[in-house]
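To start, the structure under review is shown below, and the notes come after it.
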Protein chains: 2
Amino acid sequence: MALEHAILVSLMEQPGSGYELARRFDRSIGRFWTATHQQIYRVLRRMEADGWIAVELIAQDGRPDKKVYSAAEPGRRALSAWLREPVEPETVRHELAVKIRAAAFDDPAALVSEVERHREQHAALLARYLAGERRDFPDPAALDAREQLQHVVLRGGIEYERMTLAWLDDVLATLHRLANRPSNPGTS
Amino acid sequence: MALEHAILVSLMEQPGSGYELARRFDRSIGRFWTATHQQIYRVLRRMEADGWIAVELIAQDGRPDKKVYSAAEPGRRALSAWLREPVEPETVRHELAVKIRAAAFDDPAALVSEVERHREQHAALLARYLAGERRDFPDPAALDAREQLQHVVLRGGIEYERMTLAWLDDVLATLHRLANRPSNPGTS
DNA sequence: CCCTCCATGTAAATTGTTACATGATTCA
DNA sequence: TGAATCATGTAACAATTTACATGGAGGG
């Protein structure tokens with residue numbers, strides 16, 4: 001499990017409430033680890049019980065109270081130990097690929113609009129990443145260690161999106177080829 | 001949920017037992033959808049109850065009986081309907097990226113061997129994909145619809161591995177740069 | 001007045017993982 | 001004899017998702 005560790009990293013970069021963490025997981029961290037607020041609240045309580053994080057209750061005017069969490073020493077040690085453990089291989093879940101293979105038993109043309117939709121989403125994400133890179137890392141030579149590591153993770157996201165866009169174009173070309181000369185029963 | 005659909009696709013490509021499906025999920029399908037045999041047995045029973053698939057009990061000499069499943073008409077219709085539904089975005093889980101960001105609060109050099117291990121695994125996987133491509137798709141001009149779709153999914157896997165290898169080299173270069181001139185407290 | 005944001009949670013259902021269990025066959 | 005493969009499962013647990021619930025603030 002790594003949700004604990006993802007939360008710890010986020011809290012070490014910047015303390016915050018469960019709600020704020022949930023929003024970070026929608027943005028930057030969500031690029032490589034997703035979590036809903038329900039998961040986050042539950043894990044935060046466990047982490048607090050284990051002494052990994054400390055809480056500070058902050059009363060706000062007009063707003064509900066806020067529990068601001070920050071990484072405690074046992075949490076830092078746990079993170080350090082986890083860093084030295086080997087990671088198990090990522091379990092992949094690529095639904096679109098399943099659909100592409102399923103299209104062989106149906107009309108491949110029915111997938112075109114879906115693939116185009118994905119293509120647009122990935123293009124938009126790439127644009128966001130590139131904008132974020134220009135904003136946060138304008139001068140790559142002047143970055144400290146933390147920023148350099150954040151930057152290399154972002155570059156991974158950028159290259160992933162570029163690769164995916166190129167592949168989706170390949171998929172679209174294949175689907176169009178199949179639609180033009182169907183060697184399948186069904187159409188026409 | 002798409003495990004049902006991944007199983008359906010596999011059964012339409014070729015009927016088989018739960019055990020055989022589990023092995024396919026270890027190999028080809030596992031590239032974009034993983035599942036253990038326990039999950040597969042559970043889902044197969046549900047799919048059979050729903051009439052999506054048909055079973056044929058096959059007695060074998062020396063071996064336990066085999067339940068060979070094949071896609072039934074309601075299953076085909078369900079697959080066809082699913083194909084036309086939009087897919088929800090993939091939930092990403094990239095533990096190594098979490099570790100890279102965590103390394104900012106620890107010794108970045110401690111990650112080098114782990115990243116190198118990942119690099120080797122991805123290099124080996126790429127080699128397997130390329131070998132599979134040469135074996136299964138030696139003449140791309142002579143493929144039927146099903147093979148063309150399988151091939152484009154495989155190309156996606158190949159490009160993903162190439163991209164990942166290049167990125168891991170980038171990560172290693174970054175880690176080495178940080179180890180040589182550490183702007184972090186801790187080392188020396 | 002309705003919607004979104006802030007902020008936290010409970011409950012239920014589904015999915016996924018890990019461990020255990022059985023029993024025959026084949027290969028070294 | 002011991003390990004791996006074939007073949008199917010149960011049980012317990014952990015993780016994730018989805019739905020529901022509350023309640024004030026601020027904007028249109």
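Hydrogens, waters and symmetry mates are skipped; everything else that's a heavy atom, side chains included, is used. In what follows, every chain begins at residue 1, and chains take the letters A, B, ... in the order their sequences are listed.
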message = Can you measure B/Gln39 atom CD to D/dT8 atom P for me and round it to whole angstrom units?
response = 17 Å
A/Arg23, CZ atom: more than 12 neighbouring heavy atoms under 6.0 Å = yes
ask   = Between the base of C/dG16 and the side chain of B/Arg42, is there a donor-acceptor distance below 3.5 Å?
value = yes
task = Compare the minimum distances between each of D/dT8, C/dA19, C/dC6 and the side chain of B/Gln38, then state the nucleotide with the smallest one.
result = C/dA19
task = Grab the NZ-C1' distance between B/Lys66 and C/dT25 for me, whole Å please.
result = 15 Å
task = Write down the distance between NZ (A/Lys67) and P (C/dC6), rounded to a whole number of angstrom.
result = 19 Å
ask   = Counting any heavy atom closer than 4.0 Å, what does A/Gln60 reach on the DNA or RNA strands: base, sugar-phosphate only, or nothing?
value = sugar-phosphate
note = Out of D/dT16, D/dT10, D/dC6, minimum distance to the side chain of B/Arg23 belongs to D/dC6
key: Over 12 non-hydrogen atoms of neighbours within 6.0 angstrom of CZ in B/Arg117   = yes
ask   = Can a side chain N or O of B/Tyr19 be found less than 4.0 Å away from OP1 or OP2 on D/dT8?
value = no
ask   = On DNA chain C, nearest-nucleotide positions of A/Arg45 versus A/Asp65: which is more 5'?
value = A/Asp65
query = Can you tell me how far P of C/dT17 sits from CD of A/Glu90, to the nearest Å?
reply = 12 Å
Over 12 foreign heavy atoms within 6.0 Å of CD, B/Glu56 = no
request  = Report the distance from atom CE of A/Met47 to atom C1' of D/dA15, rounded to the nearest whole Å.
outcome  = 16 Å
message = Can you measure B/His37 atom NE2 to D/dT5 atom P for me and round it to whole angstrom units?
response = 15 Å
message = Measuring only between side-chain heavy atoms, which start at C-beta, is B/Leu96 closer than 4.5 Å to A/Phe32?
response = no
ask   = Over how many whole Å does the gap from A/Trp33 atom CH2 to D/dA15 atom C1' extend?
value = 11 Å
ask   = How long is the line joining OH of A/Tyr41 and P of D/dT16, in whole Å?
value = 18 Å
task = Using modelled atom types only, decide if a donor and an acceptor are shared between the side chain of A/His151 and the backbone of A/Glu147 within a distance under 3.5 Å.
result = no
ask   = If only side-chain N and O atoms of A/Ser17 are considered, is one of them under 4.0 Å from the OP1 or OP2 phosphate oxygen of C/dT8?
value = yes
request  = Would you kindly compare B/Tyr69 and B/Arg93 by the position of their nearest DNA chain D nucleotide and give the one closer to the 5′ end?
outcome  = B/Tyr69
